[in-house]
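All figures in this text were calculated on a predicted structure; none of them were measured in a lab. No hydrogens, no waters, no symmetry mates; every other heavy atom, side chains included, goes into these values.
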Amino acid sequence: MRAVVLALTVALVASQQINLVPEFALDKTYVYKYEALLLGGLPQEGLARAGIKVNSKVLLSAVTENTFLMKLMDPLLHEYAGIWPKDPFVPATKLTAALAAQLQIPIKFEYANGVVGKVFAPAGVSPTVLNLHRGILNILQLNFKKTQNAYELQEAGARGVCRTHYVINEDTKANHIIVTKSKDLRHCQERIMKDVGLAYTERCAECTERVKGLIETAAYNYIMKPAAAGVLIAEATVEEVHQFSPLNEIHGAAIMEAKQSLAFVEIEKTPVVPVKADYLARGSLQYEFATEILQTPIQLIKISNAPVQIVEVLKHLVVNNVAMVHDDAPLKFVQLIQLLRVSTLENIEAIWTQFKDKPAYRRWLLDALPAVGTPVIVKLVKEKFLAGELTLPEFIQALVVALQMVTADLETIQLTASLALHEKIATIPVLREVVMLGYGSMIAKHCVAVPTCPAELLRPIYEIAAEAIAKNNIPEITLALKVMGNAGHPASLKPIMKLLPGLRTAATALPLRVQVDAILALRNIAKKEPKLVQPVALQLVLDRALHPEVRMVACIVLFESKPSVALVSSLAGALKTETNMHVVSFAYSHIKSLTRITAPDMAAVAGAAHVAIKLLSPKLDRLSFRFSRAFKIDIYQAPLMIGAAGSAFMINDAATILPRAVVAKARAYLAGAAADVLEIGVRTEGIQEALLQSPAADESVDRITKIKRTLRALANWKALPTNQPLASAYIKLLGQEVAFVKVDKTVIEEAIPIVTGPKPRELLKAALKALQEGIALQYAKPLLAAEVRRILPTAVGVPMELSLYTAAVAAASLSVQATITPPLPEAIETMTLEQLEKTDVQLQAEARPSVALQTFAVMGVNTALIQAAVMARGKIRTIAPGKVAARADILKGNYKVEALPVELPEHIAAVSFETLAVVRNIEDPAAERIVPLVPALALQNPQTYAGDLSSEMTPEAPLRAPAPFHKTLCLAVPYIEIKGCIEVNSHNAAFIRNAPLFYIIGQHSARAALARAEGPAVERLELEVQVGPRAAERLLKQISLIDEETPEGKAFLLKLREILETEDKNAPVSSQSSSSSRSSSSSSSSMSSSRVTETATVMEPFKKFHKDRYLAPHGASKAVSSGSAASSFEAIQKQAKFLGNAVPPVFAVIARAVRVDHKLLGYQVAAYFDKPTARVQLVVSSIAENDNMKICADGALLSKHKVTARVAWGPECQQYAVIAKAEAGVLGEFPAARLKVEWEKLPIIVPPYAKKLVKHIPMAALKGGFRLERVGNADKEIELAAALPAQKSLNVIARIPEMTLSRMAIPLPVAIPINPDGTLSIHIDGDILSRIHKHIKEE
């Protein structure tokens, strides 16, 4: 009975439940008022924003039960670029009028149970207009569940299939239902978006776990009233936010805010009538991309006649970038690319035919065409090369860029495959390699866009690999592996494993380089499917039967696949019993370096490395650098989401002196993305294998013998096998291998005749002839350095875009004229040394290089009809003119270079950065509005918006002074009368919020200018070198030094001392520091007396070698005081204070400015050498009339174990002086060297900085593993001693005032060939040198 009552109750409730499906009756037309708004900018009021607004009436009428018509009545488009919210929207009347006909065409759509189905429209309705309709239909998309009021599902919408949360409430008093729907646009099963330039980047999910760069969400609110058969949507509002910051949202972010409102007005009886046209199926509710990909967001071009416009822009670029680059050249270059993107193949071919024979136009086209990135360009480049219209270098350059820029669809992939298989391409190995590598990259890009890409795309490569394996064609196997490595398709794992050693017995017979390439081909697969690669890589690392290099390369792949703690611990456990020290050193250093990694995507691996390193012995840290090693270093700023990482791998071989392989890689992190920017690898496998077969591989001999045998083997390179490469290198950009090169015996044999044959002499002869006739060159090189875009649909139905563009143009004009006297003979190779010595060469050259670079970062609306965006625009422009004349009179030993005056531009460098709000439409280009993001009014009156922005203010970030920063700094360079000025302007929004983003936005600029200063004009700058006996004649001012032993010298020194004492009083320096330091050092030394005692045994006195031999018997030598050595040097100096009085200068150097008033300004250097005393003296003096400032460097070789030098400077070299002594000897029982620096007096600026530096020494010493002792060393002396207890270790002791630093047994990467008795242990046989000379002579 109870069950019956319960059933009846449930049935009664169900009968009273409201049907939530929106009702549109067949005989009625529902009229709604619709408004949509899309604005971009910063959320704070008082700053500029840009956007659009759409107003219209919307008529909905049912045709059948599930088919409806929708028509827009009285649509009006508005555009906005102004200060929000003060400035009003401006009606875009011309654009509305141009689109009115399309906008008012009714569209048809399917609608059942609240779900929008197919959409139909005539062909005359463009995708852009239809997307506006989809924005309205998206409001009507409602998925109701009858039994739940709160639920979550994946709902289809205009932006894809995304996670949606519903909450349904019934307001019985108001008699309506409130429905709230929210969408998380970051969690979508299928997201509608287009990415350009991001195919080779990796999403760093860990980088955005705590901080978000891009946040997207949408909220829908509905008020529904019950109707006869369902509900009536009385009102619907939508708010969608896209928040982006390249740094971190907590530091401020730009937003794109979309708002929609749909309000019921009335019901009419007049039905909506479709137009008389075929209604075609135009897809579903999902957004349809139109021409956004072809349209750059930085400029809006009305394309009426693309070929004519291309010619106009091309002529502008050629004409205006001759002498120097035009300011807007980068923007014009981007414009040229955009016009080429919308052109047909026929139009581009016609333009190529018109300009292919004009060199300047041809270069600009060849630089622009590859950046277009459409399949048309790949087809054009292919056809022109096969027709012989492109040279090989031109084709390779164009093809490499085009394959990286082109959209990777099935058509382009097939086109690339046909190019790779073409018979003409097959005959040029280097070209075929470029195409094949590009084919792999194309597949990789396609699989990023289409994750379900079929493995069939790689079938041609699999067939090539299978055929090459059957024929044992090693070059083909290598190429196929590199292509599969670029593609990174998981299906390639099976064919690659057939070539991995240890896993397949057949692969063991393959050359070592093939095995290594097979392992490296797993790297891109490991990024997609790490679980598939990790077991294979670990098995290879642990297989001791394999070659050490194979195992170490497998170790690289293993750690790049981000292994778990269990895998890394397994590896660490295996290393405990590993016998190959190269593998141990490489793996240990790799794990050790990973413990220091801070990048978020490697955090789990770093944690695993910390665990593994505890399982290994710390003694492995002391392994010598001659063993293989891995290095990793990185820096990552989490608050800014910016980072960089570097890796280096060095794989050595115990048998030879050359490393087997060296790999270096750079990685970058930005805004939640990561990319392997650049990787370079070099292998010497052929050389190594050849050396391993030589006696140099004998492990029983010492390293020096190995070096000698290695040199003999290299000298006998003709005996090496022809089919084996001696070395190879590759380069990767963004994780894709773009080129590799092999050097083998054949390459060497072909290169030697080219270098030594007649062609180089002919080229030299032609170059010299051209120089004498005069050369005038103008060259310009453009580059689209970056094009990164993400295009997303919004709720309004208009696309928004995040993009970064960087374009640059470099131009240079060069003129060179040479005069050679007497003229060179026709047969240059017959010219004798005597003839060359009598040659006088004069050269005059003028160059004017200039560079213009522009960068744009854009967030906003980008369509072919209207653009409304906030933009950051940066510009750099530099011009560096120069004119020089050079002369070389070889007979007289005179060489002169002159810098001649040139016409200077107003600014030699200008940098600017500004943030703007921009709106423009295609129908009214003249109405473009550009508004600074930070207006001048806000800067003058920041308090105007203080009330609105109070929530943004914090006690830690008070309101800052809003005055713009402006400063000009000028500096005149003495003597040459040139003045340089830097002008800096800046204003930002930091007065709103103390955050990095607000410091960036605004307007910033800096300009540098050079101009003539006041005073006599400078005709030229001269640098002259005179070698030989005529050097004394070229000196412009007689050099003399005061001898303090003479009465005149004593009088001069007395007067100088009085002057210097007066200067010291005017600029006092703390003289008590030395005494206080002595007292503090004595007290501190007593505190650490125990530590001094511990190291007293190693800090034995330094003993010098005997004069004519190396080490004396142990204990027989005596410590020699520095005083006796100094006295011998002083004795030499007393013989001749100034060497110029006894010997002529060896050479003289004069640097001077030649002015119109003929006043001497500049410096001269004279060098003297006294052979009997082995003494060298260098005197630098001013050539000005009343300037007696000099720098004197005086040095002498006192014995073969000791050299002493004294550097003095000041008036007559009497103000400051430093003495340096270097000598060889013993420290304890070990050969050693010592460097001692003493000073008499230093400039007053030195002691303060020295004291600051000394404060950091204890911490630096601790980090460097040095022992620190506080002792009272000499106040004005620094001593550094290094001893060799063994050929592969070093003891270092450094004594400075107040402390002594020491470190024992520092491992050295290479052995130092010095025996314990101080003799050299290396002897290069004379037959090696003669053998090398013989081979060179034969060639």
### Task
Kindly determine whether Q854 and Y805 satisfy side-chain hydrogen bond (donor to acceptor under 3.5 Å, both in side chains), including the steps that lead there.
CA-CA 8 Å; Q854 293 189 18; Y805 278 79; over 6 Å; no

### Message
For a side chain to side chain contact (heavy atoms under 4.5 Å, CB included) check, start with the C-alpha distance between L336 and L314, then their side-chain angles and the critical distance, and finish with the verdict.
### Response
CA-CA 7 Å; L336 176 63; L314 190 59; 4.1 Å; yes

### Task
Verify side chain to side chain contact (heavy atoms under 4.5 Å, CB included) between I310 and S343, making sure each step is shown before the conclusion.
CA-CA 9 Å; I310 289 172; S343 298; 3.1 Å; yes

### Message
Show, in sequence, the C-alpha distance, side-chain angles and deciding distance for K379 and K382, and conclude whether the side chain to side chain contact (heavy atoms under 4.5 Å, CB included) test is met.
### Response
CA-CA 5 Å; K379 188 175 181 180; K382 172 188 173 182; 5.7 Å; no

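Using a 4.5 Å heavy-atom cutoff, the side chains of R551 and L540 are not in contact. Using a 4.5 Å heavy-atom threshold, the side chains of C447 and K528 count as touching. The shortest side-chain heavy-atom distance between D601 and R667 falls under the 4.5 Å cut-off. Contact annotation: the side chain of K527 approaches that of E202 to within less than 4.5 Å [non-hydrogen atoms, C-beta and beyond]. Looking only at side-chain heavy atoms (C-beta outward), S728 and F740 stay at 4.5 Å or farther from each other. Contact annotation: the side chain of L457 approaches that of L410 to within less than 4.5 Å [non-hydrogen atoms, C-beta and beyond]. In this structure, I477 and L499 have side chains that are in contact, with non-hydrogen atoms separated by less than 4.5 Å. Residues I642 and Y669 are not in side-chain contact: their nearest non-hydrogen atoms beyond the backbone lie 4.5 Å or more apart.
Residues K632 and S647 have side chains that bring a donor and an acceptor to within less than 3.5 angstrom of each other. A donor-acceptor contact under 3.5 angstrom links the side chains of Y730 and E679, judged on distance only. A side-chain donor from one of D367 and Q397 sits under 3.5 Å from a side-chain acceptor of the other.
By the 30° and 60° cut-offs, the orientation of the rings of F649 relative to H590 is tilted.
Judged by a 6.0 Å distance limit and a 45° cone about the ring axis, K356 is not positioned over the six-membered ring of Y361.
Among all heavy-atom pairs drawn from R341 and V372, the shortest one is NE-O, 2.8 Å. Nearest approach of K742 to P475, heavy atoms of both residues: NZ-CB, 3.8 Å. Shortest non-hydrogen contact noted between C453 and H489 is O-NE2, 3.1 Å. Closest approach of A371 and I337 over heavy atoms only: CB-CD1, 3.7 Å. Here the closest heavy-atom approach between residue N524 and residue N486 is recorded as ND2-O, 3.8 Å. Considering all non-hydrogen atoms of both residues, A526 and S561 come closest at CB-CB, 3.8 Å.
Note: N473 CG to T478 OG1 = 9.0 Å, rounded to the nearest 0.5 Å.
For I635, the CD1 atom counts as loosely surrounded, since its 6.0 Å shell holds 12 or fewer non-hydrogen atoms of other residues, nucleotides or ligands. Dense packing is recorded around CD1 of I428, with more than 12 heavy atoms of other residues, nucleotides or ligands lying under 6.0 Å away.
Between R523 and D676 there is no salt bridge, since no side-chain nitrogen of the basic residue lies less than 4.0 Å from a carboxylate oxygen of the acidic one. Between E433 and K482 there is no salt bridge, since no side-chain nitrogen of the basic residue lies less than 4.0 Å from a carboxylate oxygen of the acidic one.
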